[in-house]
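Just so we're clear, the structure is a prediction, and the values are computed from it rather than from any experiment. The figures here come from the full heavy-atom set of this structure, side chains too, leaving out hydrogens, waters and symmetry mates.
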Amino acid sequence: YYETNDEKYLRKFRQCADWAIDHQKADGAWDNFSYIYPDYPYGAMAQGEGISLLIRAYVNFNDAQYLESAHKAITFMLKDVKEGGCTLYEKNDIILLEYQHLPIVLNGWIFSWWGIYDYFLVTNNFEIKAIMDGSLDTLVRYLPKFSNGYWSMYDINGKITSPFYHNLHIAQMKAMYALTRIPEFDIYAKKWEKEQSNALFKSIAFIKKSFQKIIER
């Protein structure tokens, strides 16, 4: 819509936002995993992306229902995972969980964080900002856990990324550096780009990923 000013795209965008509200549970959650994980149907990534969608709808249409739904979504997302939410609070760590019961996933954590960032930009809610900053600090400290020396890792348990997710991690590092100016994000973007251009590293990563896929089956 921003590129073309064609109203049909704006209408489709609003349909998406309305669909999100219609399918949101009373506590603010969206069920996105029950078809494969019936006992763990929620995730911070879905909540964060839903928040980003609704915040943009609120800004574009100035309709309070979108902000209200975004508030419910972020409240649920930031509930402790031990209480059924999507955030792990462990000592000084604040970790946004793409899956409630699986190892920490890097790309999901970042997509989740962007939802909080978008929410704060519009609301100036400093309680939310404190959690946002705490999760950002945790993410920076955890970055080395997602690097094995020649490639990026999909999760904290050592699952290596496919080329698609490696590219995504690079893009996310660049975006996080643009948003925060924290040098570690720039360092990892450049590191993973360099590894990507190394034919040997790329081959090793491909072989290891293929082996992991076989094991998973």
Side-chain angles (χ1 to χ4, degrees), residues 30 32-33 36-37 40 42-52 74 77-78 80-81 85-120 131-198 201-202 204-213 215-216:
W30 286 289
N32 61 306
F33 287 129
I36 48 172
Y37 304 121
Y40 304 98
Y42 311 117
M45 180 171 161
Q47 296 297 128
E49 292 183 333
I51 291 161
S52 291
I74 203 166
M77 180 174 76
L78 297 179
D80 197 311
V81 69
C86 306
T87 302
L88 175 63
Y89 298 91
E90 200 168 67
K91 295 182 180 178
N92 294 324
D93 294 344
I94 302 176
I95 301 166
L96 307 172
L97 300 172
E98 180 175 349
Y99 303 95
Q100 293 173 303
H101 66 304
L102 295 179
I104 303 163
V105 175
L106 178 58
N107 83 87
W109 187 346
I110 294 171
F111 279 125
S112 307
W113 190 87
W114 285 342
I116 303 175
Y117 179 85
D118 288 343
Y119 184 86
F120 174 71
I131 297 174
M132 180 181 79
D133 290 345
S135 187
L136 179 62
D137 291 343
T138 307
L139 175 61
V140 172
R141 285 188 281 104
Y142 270 58
L143 280 178
K145 300 176 186 288
F146 294 102
S147 183
N148 66 3
Y150 63 88
W151 207 251
S152 68
M153 312 304 292
Y154 177 80
D155 67 26
I156 205 167
N157 275 17
K159 181 185 287 186
I160 201 165
T161 57
S162 65
F164 171 85
Y165 279 104
H166 191 73
N167 287 336
L168 176 60
H169 284 167
I170 293 168
Q172 288 185 318
M173 292 299 103
K174 290 179 178 180
M176 289 300 289
Y177 180 63
L179 290 173
T180 69
R181 310 313 291 180
I182 293 174
E184 283 85 350
F185 293 119
D186 185 48
I187 289 168
Y188 275 92
K190 290 174 178 174
K191 170 181 167 57
W192 288 337
E193 277 190 318
K194 187 175 180 180
E195 292 169 358
Q196 185 185 50
S197 65
N198 185 306
F201 289 171
K202 198 169 186 177
I204 294 171
F206 177 79
I207 292 168
K208 185 168 182 180
K209 184 64 181 177
S210 299
F211 182 73
Q212 285 182 345
K213 284 289 188 182
I215 296 297
E216 288 172 5

Is Ser112 reaching over with its side chain to a backbone N or O of Gly108, donor-acceptor style, under 3.5 angstrom? yes
Output the distance between atom NZ (Lys194) and atom CD1 (Ile170), rounded to the nearest 0.5 Å. 13.5 Å
Between Trp192 and Ser152 the two heavy atoms that sit nearest each other are CE2-CB, 3.5 Å
Separation between CD of Gln172 and CD1 of Ile110, rounded to the nearest 0.5 Å: 4.0 Å
Looking at Lys190 and Asp186, is there a salt bridge between them, counting it only when a charged N and a carboxylate O are closer than 4.0 Å? yes
Which heavy atom of Asp93 sits nearest a heavy atom of Tyr142, and at what distance? OD2-OH, 2.9 Å
Here the pair of heavy atoms bringing Gln47 nearest to Cys86 is CG-SG, 4.4 Å
How far does CG of Asn107 sit from CZ of Phe164, to the nearest 0.5 angstrom? 8.0 Å
To check you understand the geometry: which heavy-atom pair defines the closest contact between Met173 and Tyr188, and what is its length? SD-CB, 4.0 Å
Which value, rounded to the nearest 0.5 Å, describes the distance between Asp133 atom CG and Asp137 atom CG? 6.5 Å
After noting the C-alpha distance and the side-chain angles of Ile156 and Trp109, does the key distance pass the side chain to side chain contact (heavy atoms under 4.5 Å, CB included) rule? CA-CA 11 Å; Ile156 205 167; Trp109 187 346; over 6 Å; no
Ring centroid separation Trp114 to Phe111 under 6.0 Å: yes
Smallest separation among heavy atoms of Gly149 and Phe201, with atom names: O-CE1, 4.5 Å
So how far is it from Lys202 NZ to Tyr150 OH, rounded to the nearest 0.5 Å? 15.0 Å
Tyr40 and Tyr99: aromatic ring centres closer than 6.0 Å? no
Out of Thr138, Val81, Ile116, Ile104, which one pairs with Leu96 under the side-chain contact (heavy atoms from CB on, under 4.5 Å) rule? Ile116
Taken to the nearest 0.5 Å, the spacing of Leu143 CG from Lys191 NZ works out to 11.5 Å
Please report the shortest heavy-atom distance between Tyr154 and His169, naming the atom on each side. CA-CE1, 4.2 Å
